[in-house]
Amino acid sequence: MSAERARVRVPFRRQNLTIHRPIIYGNTARILTPEERVEPVPAEHTHRWTVAVRSAASAPDSDIVGGADDLSYFIRRVNFKLHDTYPTPNRSIDKPPFEVSETGWGEFEVQIRITFTTEAGEKPLTFYHHLKLHPWTATGELEIPSTEVALQKGPVHSWQYDEIIFVEPFSNFLTTLVAHPPTPMPAVRRRPAPFHLAHLAGHEELKNGGVPEFSQAMEKEEASRLQQAKRSVHLEQEKWKDILADKERELEGLQKLLSG
Ligand code: SLL
């Protein structure tokens, strides 16, 4: 009788392959109206905010930024570490939506840690988001407007687009990822971008309290901003090269005069 060999499936990594999933993280905030500033809201709290990790595409006609897809097929848990002034600063969210809503009075750095599903076999990912409560300003300086002005400006959005890249994923995990293709972002911009550039570019829609959205056009806009920045750095370099050459000629002339 031949010995029966146990067949053990050893997970293996798919070599020379990477796959990514677009996510956004950030926050929405709005100032509380005088009527909302009543018990049980602590007297010093001025804002209500939500910090979240979501899929990049927004659901059609939704009033939330991003979140069209449920990310729990690859995210097991998201930990949000709030400022120590909160009685329970460590918030662990183990099912979607991966978000925390609170009231408060101040901006601070939120530590976000994403723990992937066991199947992914990936280490947790830790990063930070600056919780933004006060409206964007043209100069980037922090200005705290009056309640009336803040109410008139509407909700504040501060979202960051990013891509989680899985390098040589385990084959089972790859199968799971492929079974959940991300909802594509709209190719063209239909709404303002959900971060300060929208304000700087003077997108009037945002000032009217519209809900912003990420789009593929954003990427092209970012590329042209980088191009523009590269061009101005190049021009500046050329200018200083010319100035340097002039000064060197002047120095040479003076040295000749001295030794002559
Ligand atoms: C600041 N460095 O001074 C920041 C800290 C802390 C914000 C902001 C509420 C806490 C509670 C809260 O908004 N903390 O519930 O007491 O601006």
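Just so you know, ligand 1 is whichever comes first in the structure, and atom 1 is the first atom listed for that ligand.
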Practice task
Specify whether Tyr86 and Phe108 have parallel, tilted or perpendicular ring planes, treating 30° as the upper limit for parallel and 60° as the lower limit for perpendicular.
Solution key: tilted
Problem - Ring geometry between Phe116 and Phe166 (parallel below 30°, tilted from 30 to 60°, perpendicular above 60°) - result: perpendicular
Exercise for the section: Could you tell me whether Arg54 and Glu99 make a salt bridge, using a distance below 4.0 angstrom between a side-chain N and a carboxylate O? Expected result: yes
Under 3.5 Å: N or O atoms of ligand 1 paired with protein N or O:
residue, atom, partner, partner atom, Å
ligand 1, 13 (O), Tyr86, OH, 3.4
ligand 1, 13 (O), Trp105, N, 2.7
ligand 1, 13 (O), Gly106, N, 3.2
ligand 1, 14 (N), Thr85, OG1, 2.9
ligand 1, 15 (O), His45, NE2, 3.0
ligand 1, 16 (O), Thr85, O, 3.4

Exercise for the section: Identify whether the distance between the nearest side-chain nitrogen and carboxylate oxygen of Arg225 and Glu222 falls below 4.0 Å. Expected result: yes
Fill in the blank from the handout: Sorted by chain and number, sequence neighbours left out, side-chain hydrogen bond (donor to acceptor under 3.5 Å, both in side chains) with Glu109 holds for His130
Practice task
Establish, yes or no, whether the cationic atom of Arg91 lies under 6.0 Å from the six-membered ring centre of Phe80 and within 45° of the ring axis.
Solution key: no
